[in-house]
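Scroll down for the structure; my scribbles are underneath it.
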Amino acid sequence: MILLKGITGFWGADTETPPLLDEKAFRQMCHALVRESGGTVTETDTDTDTSARNFYFAELRRYDDAIFLLQNIHYPYVAFARKDPSGGFDWISRPEWLRLPDGPVRFLGPDELTQDWHSLCGELSMEELEQIRYWNPQTVGEIIFNTWD
């Protein structure tokens, strides 16, 4: 995996703006996932205008199991997570009750999300590297799904 230019949500005046993925398509994907599994979507948040994050997220629930689905807003990278006590996310594998669709998104597992990012940042812009130095993420997941402002 290579971290693509713009994946952090930061760019400079000289940098081309990264693509912005359709929030409606994210919502549709969430509903399609749970429809096949007998679950529900209990929360979605695709409002990136008023918050300092670079991802959409939704809470998916089936019986007493609740998970979060996160998607980067610039690239079709998706991850499963649970909330940790500090309000962040802990990466998890796909729940057994969810079937993944064929499609344009790439579902990332905990092994990919917890790996070190240093050898994967060749395409990132100078502005992104400055933000990374400032926020000091330790893993790929902290870069792809960040809450930096």
Side-chain angles (χ1 to χ4, degrees), residues 1-11 15-84 86-125 127-129 131-132 135 137-149:
M1 160 178 267
I2 298 295
L3 295 171
L4 302 172
K5 184 180 281 188
I7 200 160
T8 63
F10 289 91
W11 56 89
T15 309
E16 186 177 333
T17 305
L20 187 61
L21 298 179
D22 181 19
E23 63 199 57
K24 184 177 177 183
F26 172 73
R27 289 174 186 267
Q28 289 171 337
M29 177 183 64
C30 293
H31 286 279
L33 278 171
V34 296
R35 186 174 30 248
E36 295 251 340
S37 307
T40 59
V41 176
T42 56
E43 174 186 3
T44 56
D45 191 338
T46 56
D47 185 10
T48 56
D49 290 336
T50 60
S51 60
R53 68 167 192 272
N54 70 338
F55 58 90
Y56 303 135
F57 75 88
E59 183 181 42
L60 311 180
R61 187 174 289 273
R62 182 173 182 239
Y63 307 121
D64 60 350
D65 189 21
I67 60 149
F68 286 88
L69 186 71
L70 286 66
Q71 179 177 305
N72 183 278
I73 64 173
H74 300 294
Y75 293 97
Y77 293 127
V78 178
F80 296 104
R82 295 203 191 278
K83 283 268 183 152
D84 69 18
S86 68
F89 293 101
D90 289 326
W91 309 120
I92 62 170
S93 297
R94 174 193 57 86
E96 289 183 18
W97 54 268
L98 268 178
R99 286 187 214 82
L100 299 183
D102 293 329
V105 299
R106 179 169 174 206
F107 289 90
L108 304 173
D111 289 345
E112 292 174 287
L113 294 163
T114 57
Q115 70 180 318
D116 182 80
W117 58 268
H118 289 87
S119 64
L120 308 173
C121 62
E123 289 192 14
L124 298 179
S125 69
E127 294 82 9
E128 291 176 290
L129 293 172
Q131 291 296 321
I132 288 171
W135 293 103
Q138 302 302 304
T139 66
V140 167
E142 291 176 81
I143 293 173
I144 296 175
F145 305 102
N146 71 63
T147 55
W148 309 337
D149 56 2

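When all heavy atoms of E123 and L3 are compared, the closest pair comes out as CB-O, 3.6 Å. In plain terms, the two heavy atoms of K5 and Y75 that are nearest each other are O-OH, 2.6 Å. Taking both residues in full, the closest heavy atoms of C121 and H118 are given as SG-O, 3.4 Å, listed atom of the first, atom of the second, then distance. Heavy atoms only, all atoms of each residue included: H74 and G6 are closest at CD2-O, 3.4 Å. In terms of heavy atoms, S86 sits closest to D84 at OG-OD1, 2.8 Å. Nearest heavy atom pair, residue M1 against residue R106, reads CE-NH1, 3.8 Å.
Rounded to the nearest 0.5 angstrom, R82 CZ and E59 CD are separated by 10.0 Å. In this structure, CD on Q131 lies 4.0 Å from CZ on F10, to the nearest 0.5 angstrom. Distance check: L60 CG to T42 OG1 gives 7.5 Å after rounding to the nearest 0.5 Å. Atom OG of S119 and atom CD1 of I2 lie 7.5 Å apart (nearest 0.5 Å). Considering CG of D45 and CZ of F68, their distance stands at 10.5 Å, rounded to 0.5 Å. To the nearest 0.5 Å, atom OG of residue S93 and atom CD1 of residue I67 are 11.0 Å apart.
For the pair E112 and I144, the minimum side-chain heavy-atom distance is 4.5 Å or more. With contacts defined as side-chain heavy-atom distances shorter than 4.5 Å, the pair W148/I143 qualifies. With contacts defined as side-chain heavy-atom distances shorter than 4.5 Å, the pair E142/I132 does not qualify. Contact annotation: the side chain of I7 approaches that of L124 to within less than 4.5 Å [non-hydrogen atoms, C-beta and beyond]. Counting heavy atoms from C-beta on, the side chains of T44 and Y56 never come closer than 4.5 Å.
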Worked verdict on T147 versus F55 for side chain to side chain contact (heavy atoms under 4.5 Å, CB included): CA-CA 8 Å; T147 55; F55 58 90; 4.0 Å; yes

- request: Show the numbers, then the answer: is there a side chain to side chain contact (heavy atoms under 4.5 Å, CB included) between W135 and N146?
  value: CA-CA 10 Å; W135 293 103; N146 71 63; over 6 Å; no

task: Begin with the C-alpha distance, continue with both residues' side-chain angles, and end with the deciding distance and a verdict on side chain to side chain contact (heavy atoms under 4.5 Å, CB included) for W91 and L108.
output: CA-CA 9 Å; W91 309 120; L108 304 173; over 6 Å; no

task: Apply the test side-chain hydrogen bond (donor to acceptor under 3.5 Å, both in side chains) to residues R62 and S37: give CA-CA distance (whole Å), side-chain angles for both, the deciding distance (0.1 Å), then the verdict.
output: CA-CA 8 Å; R62 182 173 182 239; S37 307; over 6 Å; no

field: Worked verdict on L69 versus V78 for side chain to side chain contact (heavy atoms under 4.5 Å, CB included)
entry: CA-CA 7 Å; L69 186 71; V78 178; 3.3 Å; yes

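Checking F89, F57, F107, W97 one by one against F80, the ring pair (Phe, Tyr, Trp, His ring centres under 6.0 Å) holds for a single residue, F107.
Between the side chain of R99 and the backbone N or O of E36 there is at least one donor-acceptor pair closer than 3.5 Å.
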